[in-house]
Amino acid sequence: AAAAPPPPPIADAPPPEPPKEEKLPSIDVGGWLRVGMAFQGSTDPKKLNDQRFDTVYGELHTSGKVHKLVGWTLNLAANALADNPTGYVQVEDAIVQLDFMDEFHIWAGQSLVPVDRTNFSGPFFISPWTYPGVFSVGGTTRASTPMEGPFGRNIGADIWGDIGGTGVFKYFVSMMNLNNPGESPLFSGRLAASPIGGEPGLWGSSTFYGEKDVLSIGVGAQYKHDGSVGTAPTDAMGNTTGPAPKANYSDVNADLLAEFRLGDSGTITGEGAYYHFSGDYEPTKNMFFLLASYLTPKVGPGGFQPMVRYQRAWDGGTKWSQIEGHVAYVVKGAAMRGLVGFRHTDIQDAGGPDLVGNAIEIGLQTIMF
């Protein structure tokens, strides 16, 4: 019998494929711009016989990743109407981001102070034009807001998490004011629950312009040792004769946002917040605001959004109040909208003259990614 043919030679095993290089997302770049004008009397703020641009403001946003667990954010802010005739350009955010998992992040640098919804929204993502807690008559401005810093930012570290990555429950704790070694840190934190329409991620908004239904409640708190600072004593010539008095500062606040689509009939929004401040030298001890708005179905490229907001701050003989009515035309949410409205402000300082003013506001903002 013929011999069996020899088996074919065994081919060499192919070399293992080199590990694929992890592709990181590209750098995000965006430009944000707000321009606003106010009509208010310069000598009699109850009248509407003077006009001025009070907002010419822009932001340049950049962010990226150097590793799947390490990111960065660098944002710049520019104000053409600062005291300096040439305006200013400043660092708004400068953050190194350690993103271990949805439930646990550590962000360090200059970033938002986590305390309330308004600060996470900023002026671009609230429905009215002006920040709540700020009362202005002509050149006089009073503020009853949490302790933050320029642009609502401060220097320090945040630990935060989004449980499950769905935005249904988030927590934030931070230690800020770490660039001032002679002062105590500012401790600030927030808990937020959104049983309807979760809000994933760190950044926030006070309206979603009908993109989804939202029901969210949050609570925040702050504490700083010797953070409530009074006025330094002076002599008859106005010379300072001693250090400014100090006391411990704290804030406890709560906020609620409810926004629901009405089928093809538009979107309704209700928002409210309450703040209680402690500290011997705080200008007010209580502040709240209430807002209601309705976004119509599209009329042309966008929808109309009439709204009203009432806010009040007080402590003893100090009573500040402001009521506003606006109509916005929303083309692309916060990315493209214009607004016109009226505000009435009443500032009553303990022992001081009452300041009453009216103003018409016109604003336009755009966000370009």
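Since we're looking at a predicted model, the values are computed, not measured.
Looking at every heavy atom in both residues, Ala313 comes nearest to Met287 through CB-CG, 3.7 Å. Annotation for Thr345 and Phe135: closest pair CG2-CB, 4.1 Å, computed over non-hydrogen atoms. In terms of heavy-atom proximity, Ala244 sits nearest to Gly230 at CB-O, 3.4 Å.
Ring geometry for Phe288 versus Trp314: interplanar angle over 60°, hence perpendicular rather than tilted (30 to 60°). The aromatic rings of Tyr275 and Phe277 sit parallel, their planes meeting at an angle under 30°, below the 60° perpendicular limit.
To the nearest 0.5 Å, the span separating CD on Gln97 from CH2 on Trp72 amounts to 9.5 Å.
Here Val252 pairs with nothing under the side chain to side chain contact (heavy atoms under 4.5 Å, CB included) rule; sequence neighbours left out. Under the ring-ring contact (aromatic ring centres under 6.0 Å, His included) criterion, His61 pairs with Trp32, sequence neighbours left out. Applying the side chain to side chain contact (heavy atoms under 4.5 Å, CB included) test to Asp235 and every residue at least two apart in sequence or in another chain returns Met237, Asn239, Thr241. Listed by chain and number, the residues in a side-chain hydrogen bond (donor to acceptor under 3.5 Å, both in side chains) with Arg312 amount to none (sequence neighbours excluded). Every side chain to side chain contact (heavy atoms under 4.5 Å, CB included) that Leu69 has, sequence neighbours left out, goes to His67. Listed by chain and number, the residues in a salt bridge (Lys or Arg N to Asp or Glu O under 4.0 Å) with Arg52 amount to none (sequence neighbours excluded).
Listed by first and then second residue, the salt bridge (charged side-chain N to carboxylate O under 4.0 Å, His left out) pairs that reach into residues 133-149 are Arg142-Asp349, sequence neighbours excluded. Pairs engaging residues 359-369 under the side-chain hydrogen bond (donor to acceptor under 3.5 Å, both in side chains) rule: Arg34-Gln365, His326-Glu361, Arg343-Glu361 [sequence neighbours left out]. Note on residues 262-290: no pairs pass salt bridge (charged side-chain N to carboxylate O under 4.0 Å, His left out), not counting sequence neighbours. Annotation: salt bridge (charged side-chain N to carboxylate O under 4.0 Å, His left out) contacts involving residues 87-104, sequence neighbours excluded, comprise Lys65-Asp99, Glu92-Arg153, Asp93-Arg153.
Ser216 and Ser194 share a donor-acceptor pair across their side chains, judged by distance under 3.5 Å alone.
The cluster map of Ile, Leu, Val, Met, Phe, Trp and Tyr, joined by side-chain heavy atoms under 4.5 Å apart, puts Trp160 and Trp203 in the same cluster.
Apart from Leu24 itself, the hydrophobic cluster it occupies contains nothing, where clustering links Ile, Leu, Val, Met, Phe, Trp and Tyr at side-chain heavy-atom distances under 4.5 Å. Within the hydrophobic cluster formed by Ile, Leu, Val, Met, Phe, Trp and Tyr side chains joined at under 4.5 Å, directly or through other members, Val229 stands alone, with no partner residue.
At most 12 non-hydrogen atoms from other residues, nucleotides or ligands lie less than 6.0 angstrom from CE of Met336.
With salt bridges taken as basic N to acidic carboxylate O contacts below 4.0 Å, none links Asp116 and Arg190.
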